[in-house]
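Have a look at the structure below, then the notes.
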There are 2 protein chains.
Amino acid sequence: MNTTAATQAGDLPASEDHNNCRALGQILDRVGDKWTIMVVGVLSRGPLRFNQMMREIGGVSHRMLTLTLRSLERDGLVSRTAYATIPPKVEYALTDAGRSLIEPLRVLSDWAIDYRPVIEKARADFDTRGV
Amino acid sequence: MNTTAATQAGDLPASEDHNNCRALGQILDRVGDKWTIMVVGVLSRGPLRFNQMMREIGGVSHRMLTLTLRSLERDGLVSRTAYATIPPKVEYALTDAGRSLIEPLRVLSDWAIDYRPVIEKARADFDTRGV
DNA sequence: CAGGATCCATCGTGATACTG
DNA sequence: CAGTATCACGATGGATCCTG
């Protein structure tokens, strides 16, 4: 992922479009991640505790959920609230910034739902032709 | 991925959402890829040849561009037109499906541009607190 | 010029075990 | 229950060389 600072610094001042593409690329590398989407998805319905989330999402490993949540927390998209009780209880919730991501994601979601059949057909066709 | 309880309460509350999340996750794994975004971005301005694209995007390796384009072609989002001339000439362009992706991507792009400062600040704060 | 094939370093990922 | 640390493996990306 490290595009190396060298690339960034010495790079040509292309069009503005390019900067946008870059920005989008970087942000989307975090936000467009599979588990990130899932997490935002389930949290959009309300706060959840760690293991609840793990069960809800399904298929995510303990480790990846931890990493994803930490990353989201770092980016200020998810808040983490720990209660020093026994047993410990930690609640995760979307922040305002996190909630603002729901809409764009829903747009993309709609697209995905609309075009999934199209894509799957194209894929099948392609593979058939390929054979 | 309904923000609020938009879906009927008594009706498969989680499963539907989950299928959508899954669908979105899968599609986005391809479409949300860094180079995919870049390619759609540059192609949104018009057809391009292979090496042109490589120069335009910048920082993408020969290999990754090939793989990305193949994947996009397979999914029916990009068309590939080869001219049997010498030297060979191959033009890539967005298909209708590919063009339909521009809008959703732009929405996300706008979000990324809006929130990049916020995210970067949150990140800095987080790191500072962490130290 | 387009792009396939190969080699190799790296990183993400899951499984497991351990602490508060 | 929540979270961290370690390890081992497979996937991924980059560089390079080669062909039509």
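All chains are named by letter (A, B, ...) in the order of the sequence lines, taking the proteins before the strands, and each is independently numbered beginning at 1. All values below come from the heavy atoms of this structure, side chains included, with hydrogens, waters and symmetry mates left out.
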**Q.** Heavy-atom check, side chain of L48(B) versus side chain of E91(B), under 4.5 Å
**A.** no
(Q) Whether R63(A) contacts dA15(C) is assessed here as follows: a side-chain N or O lying under 4.0 Å from the phosphate OP1 or OP2. Is that the case? (A) no
Q | Length of the CZ-C1' vector between R55(B) and dA2(C), whole Å | A | 12 Å
Q.
Please list, in numerical order, the residues of residues 71-91 of chain A that have a heavy atom closer than 4.0 Å to any atom of DNA chain C.
A. P88(A)
Q) With a 4.0 Å cut-off, would you call K121(B) and D125(B) a salt bridge? A) yes
Q: Just do the side chain to side chain contact (heavy atoms under 4.5 Å, CB included) check on R106(B) and D110(B) with the steps written out, would you?
A: CA-CA 6 Å; R106(B) 217 180 44 73; D110(B) 288 348; 3.2 Å; yes
Q. Roughly, in whole Å, what's the span from CE in M64(B) to P in dT12(D)?
A. 9 Å
Q: Determine to 10° how strongly the helix from dC1(C)-dG20(D) to dG20(C)-dC1(D) is bent, judged from the axes of its five-pair ends.
A: 40°
**Q.** dT4(D) OP1/OP2 closer than 4.0 Å to side-chain N/O of R70(A)
**A.** yes
Q.
For the CZ atom on R70(B), are there more than 12 heavy atoms of other groups (residues, nucleotides or ligands in this structure) within a distance under 6.0 Å?
A. no
Q. Side-chain contact, heavy-atom cut-off 4.5 Å: F50(B) with L65(B)?
A. yes
Q) Atom CD of Q52(B) and atom P of dG3(C): how far apart are they, to the nearest Å? A) 13 Å
Q: Nearest whole angstrom, please: distance from the C1' of dA2(D) to the CG of L67(A).
A: 14 Å
Q.
Checking contacts here: which listed nucleotide (dA2(C), dT4(D), dG4(C)) is nearest the side-chain heavy atoms of N51(B)?
A. dA2(C)
Q) Does a side-chain heavy-atom distance below 4.5 Å link I113(A) with S109(A)? A) yes
Q: Would you mind checking if E56(A) and R45(A) are paired as a salt bridge, meaning a charged N to carboxylate O distance below 4.0 Å?
A: yes
Q | Pairing of E73(B) and R123(A) as salt bridge, 4.0 angstrom limit | A | no
Q) Do H62(B) and dG14(D) share a donor-acceptor pair, side chain to base, under 3.5 Å? A) no
Q. Is the closest side-chain donor-acceptor distance between Y92(A) and S79(A) under 3.5 Å?
A. no
Q: Please determine if a side-chain N or O atom of Y92(B) lies less than 4.0 Å away from the OP1 or OP2 oxygen of dC1(C).
A: no
Q. How close or far is atom C1' of dG14(D) from atom CH2 of W35(B), stated in whole angstroms?
A. 11 Å
Q. What's the CG-P distance between L65(B) and dG3(C), to the nearest Å?
A. 9 Å
